[in-house]
Structure formats: structure tokens, C-alpha cells
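Keep in mind it's a predicted model, so treat the numbers as computed, not measured. We count ligands from 1, going down the list as the structure has it; atoms in each ligand are counted the same way. Hydrogens, waters and symmetry mates play no part in the numbers below; they use all other heavy atoms, side chains included.
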Amino acid sequence: MVDRADTAAAELSFPEGFLWGAATAAHQVEGGNVNNDSWAKEHDPNSGYAESSGDACDSLHRWPEDIELIAGMGLGAYRFSLEWSRIEPAEGEFSNAAMDHYRRICAACRERDVVPVVTFHHFTTPTWLTARGGWEAADAPEAFSRFVTRAGAHLGDLIGWACTINELNLIGVRAYDLGTSSFEDNFARHLAINEAMVRAHRLGVDALRSGPGAFPVGLTLSMDEMVADPGGESVLEAAREILEDRFFRATGGDDFIGVQCYSRVHFGPEGQAPNEPGVPTTQMGYEYWPQGVEHCARRAAAMTGIPVLLTESGIATDDDAERITYLAEVLRGVRRALDDGVDIRGYFVWSLLDNFEWSHGFGPKFGLHSVDRETFARHPKPSASWFGAVARANSLVAPPG
Ligand code: BGC
């Protein structure tokens with residue numbers, strides 16, 4: 001006989017083998033990444049970057065502690081990225097020492113029964129490539145593929161899951177911000193970069209599949225729940241095509257699609273509209289909208305027909321109780337989608353640590369752990385122990401208090 005409490009628990013449990021993890025990205029945690037485009041922007045007074053990434057969280061040296069945090073929480077997976085500019089500091093010059101470094105990280109994950117989920121490109125591009133046009137250089141996809149081939153050959157036997165490019169749909173969005181040419185020029189450049197990203201992804205998949213190891217390969221997409229305000233329907237459709245649908249079509253033959261959603265956005269007749277007045281927002285200025293993850297997972301699954309891995313989800317807030325409430329609400333939505341047959345394989349919190357949030361610097365706090373900016377000591381927040389309990393129970397356990 002199953003009593004009501006058991007039934008409720010079963011409803012909130014997750015499928016066997018569901019992957020629970022936390023995510024970071026090389027440039028946001030390693031420190032001292034002086035050879036990529038972000039470092040250049042951080043030191044350009046006109047770029048709008050708040051500060052330098054500097055030593056970041058010193059994960060370059062403290063990665064064993066990071067893996068210890070993951071394993072100690074009871075998580076089964078760690079998503080991290082390779083820093084291309086360390087592995088290939090000059091064009092065509094590959095560093096075995098850097099690749100060995102990432103090999104040690106993968107091996108340490110394996111020793112702790114943590115699945116290494118490896119991202120090959122997470123926003124940063126080596127300066128030797130940006131100096132000749134970055135993703136607008138005609139051979140950028142081939143350059144990326146050469147890097148993936150070398151790194152995949154070095155690490156492939158240890159990789160658990162591979163993401164070729166993080167949020168490849170956002171790389172072209174930056175073309176709008178170049179500010180030097182007309183809107184039409186920027187738009188054309190945006191579309192061209194989209195095509196380069198698709199080509200880079202496809203070449204990356206081929207490179208990984210022809211190397212050692214047998215692991216699922218996919219891309220990750222930045223998604224929002226997109227809503228049309230009155231008169232904004234056609235703008236929303238156009239935005240969907242450029243921001244998401246083009247990339248859904250690029251996943252043919254992939255093993256999964258990584259979905260990352262932080263909020264929802266509105267579109268009016270003139271383009272993206274501001275948040276409705278008075279809605280609660282996060283430290284990033286995004287609308288507080290945990291329901292978006294469920295929406296985006298459903299949409300990505302329906303549009304691609306492949307399994308979904310929720311490769312990032314989280315909230316920037318100083319209020320850790322709010323983080324727990326937010327994540328619990330997200331997970332209720334994930335459970336609803338699973339109930340409807342959506343094939344979701346795992347969920348990764350962004351982020352393991354409070355880290356370098358790109359142009360915002362170290363202000364926004366996404367971490368399950370805080371990091372002392374002087375000593376780099378990591379301190380678990382209540383959300384870390386709660387999320388660890390969820391992972392260990394494979395079930396949405398009640399938030400503390
Ligand atoms: C990115 C992360 C970023 C996070 C929070 C995602 O778009 O992959 O690098 O820190 O969102 O803004």
C-alpha cells in the first residue's frame with residue numbers, strides 16, 4: 001500500500017540516472033587568462049567591462065577543491081570548459097602541458113565518480129584569432145575544429161559528455177554592439193557569424209566523433225521564454241528564427257541539446273520590450289521567471305527531437321533563500337515536463353562558485369558557494385547543501401526552514 005506521502009515523494013522524484021551537476025567556465029573561474037578577447041575587453045576602458053577577471057577564483061590551481069565540492073555535495077557531474085587560448089596560445093602551437101592540466105581535471109572527476117561534462121568553447125577566443133577577425137575570419141570554424149581535434153585526442157577517453165560551443169547563438173548578437181557600422185551592416189554580420197558558428201559546431205562534432213572515446217556530443221543554446229506583446233508577434237517570430245530556430249536546425253545528428261534559460265523576454269512592434277513595470281528582477285536585471293526553464297526545455301525538445309540536457313540554470317542574487325526558492329520552482333517545472341514525456345537527461349546549476357560575470361565583473365552572485373576575493377576560500381551557502389540533498393535523493397526535497 002502506498003500512502004499519500006509516498007505518492008507525493010514519487011511524483012517529485014527524478015528518473016534513474018538523471019544527471020545532477022553544477023557548471024563553471026574556464027575564464028570565469030581560472031584566473032590569469034591573459035591571452036583571450038575577454039581579457040582584452042576587461043582592460044579596454046571603452047568596453048564597458050566593470051573590472052578585470054584577474055585571478056578570478058584561482059581555479060587554475062584550486063580545481064581539486066572544486067571537484068571536492070562537487071563530489072562532497074553528492075553531485076554526479078561537473079560541467080567545466082577548456083580555455084582555448086591556454087591550449088593553443090599561438091596559432092598552430094599547442095601546449096601539451098595545458099592539455100595535461102585538463103586531463104588531470106577529467107581524471108580527478110572520474111576518480112570521484114563525477115562525470116566530466118566538457119565544453120570546448122565558452123565565450124572566450126584566443127587573441128591570435130580575434131586579431132584577424134575572430135569568428136568573422138573566413139577560416140575560424142576550421143581553426144576551432146583543429147583545436148577540438150587536438151584537445152579531443154588528448155582528453156576524449158575521459159570525457160563524459162561534450163558541449164562543442166556554449167551558447168553559440170549569442171556570439172553573433174555581439175555584432176549588433178560593434179557600434180562602428182550601420183544597423184544593416186551589423187545585422188548582416190550577425191547572420192554571417194551565426195552561419196560560422198553552425199559550421200564550427202558541425203566540424204567540432206565530426207572532430208570529436210573521429211577521436212577517442214564515445215560520449216554524447218551537442219551544443220548549448222541560450223534561450224529565453226519569448227512572449228509577444230500586442231503587435232509584436234511577427235517581431236517575435238523573426239527573433240526566434242535568428243536567435244534559436246537556426247540553431248535547432250543545426251543539431252541534426254547530435255546526441256543532445258544543451259538548454260540554458262534564465263528568464264523571459266517580451267517583444268513589441270519595435271523589437272525587444274522592457275520588462276513589465278514592477279515585475280521582480282534579479283541582480284542581472286532579468287525578470288524573476290523560473291517557469292522559463294520548463295518552457296524552453298519543452299520547446300527545444302519539440303524543435304529538435306533529441307534529448308535535452310539543462311546545462312545551466314540559476315539566479316544572480318545575494319539572497320540565498322531566494323536561490324533555493326527559484327531552483328525548487330525550476331525543478332517543479334522540469335518534473336512537469338518529464339511527466340509529459342519530454343526527454344530531459346540532467347540539470348546543472350549555474351554556478352558552482354560566485355565568479356566573474358563577464359562585463360558585470362564579480363558583482364552578480366550566481367554561486368552555490370561564495371569565494372573570498374582575497375584568499376579564494378570557498379564557503380558553501382545553504383543552497384549548496386539543499387541542492388546536494390536533492391541530488392542524493394534524486395528527488396525534490398523540501399527547502400530548509
Ligand atoms: C553563460 C555564463 C554566464 C551565465 C549567467 C550564461 O549565459 O553561459 O557564462 O555566466 O549565463 O549570466
What atoms in ligand 1 come closer than 4.0 Å to a heavy atom of [X]?
{"X": "Phe123", "answer": "1 (C), 9 (O)"}
{"X": "Asn166", "answer": "8 (O)"}
{"X": "His122", "answer": "1 (C), 2 (C), 8 (O), 9 (O)"}
{"X": "Phe366", "answer": "5 (C), 12 (O)"}
{"X": "Gln260", "answer": "8 (O)"}

[atom] - nearest protein heavy atom and its distance:
{"atom": "atom 4 (C) of ligand 1", "value": "Tyr262 OH, 3.5 Å"}
{"atom": "atom 12 (O) of ligand 1", "value": "Glu357 OE2, 2.6 Å"}
{"atom": "atom 7 (O) of ligand 1", "value": "Glu167 OE1, 2.6 Å"}
{"atom": "atom 6 (C) of ligand 1", "value": "Glu312 OE1, 3.0 Å"}

ask   = Taking atom types as modelled, is there a side-chain donor on Gln260 or Thr311 under 3.5 Å from an acceptor on the other?
value =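 A pair is found: one side chain offers a donor N or O, the other an acceptor, under 3.5 Å apart.
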ask   = Does a donor on one side chain and an acceptor on the other come within less than 3.5 Å for Ser38 and Glu42?
value = yes
Report yes if some heavy atom in the side chain of [X] is under 4.5 Å from a heavy atom in the side chain of [Y]; otherwise report no.
{"X": "Leu69", "Y": "Pro380", "result": "no"}
{"X": "Tyr262", "Y": "Met284", "result": "no"}
{"X": "Met226", "Y": "His295", "result": "no"}

ask   = What part of Thr220 sits under 4.0 Å from ligand 1 if we count only heavy atoms: the side chain, the backbone, both or neither?
value = neither
ask   = Taking NZ, NE, NH1 and NH2 as the nitrogens, is one of them in Asp139 or Arg146 under 4.0 Å from a carboxylate oxygen of the other?
value = no
task = Might you point out which heavy atoms bring Leu338 and Ile344 nearest each other, and give the distance in Å?
result = CD2-O, 3.7 Å
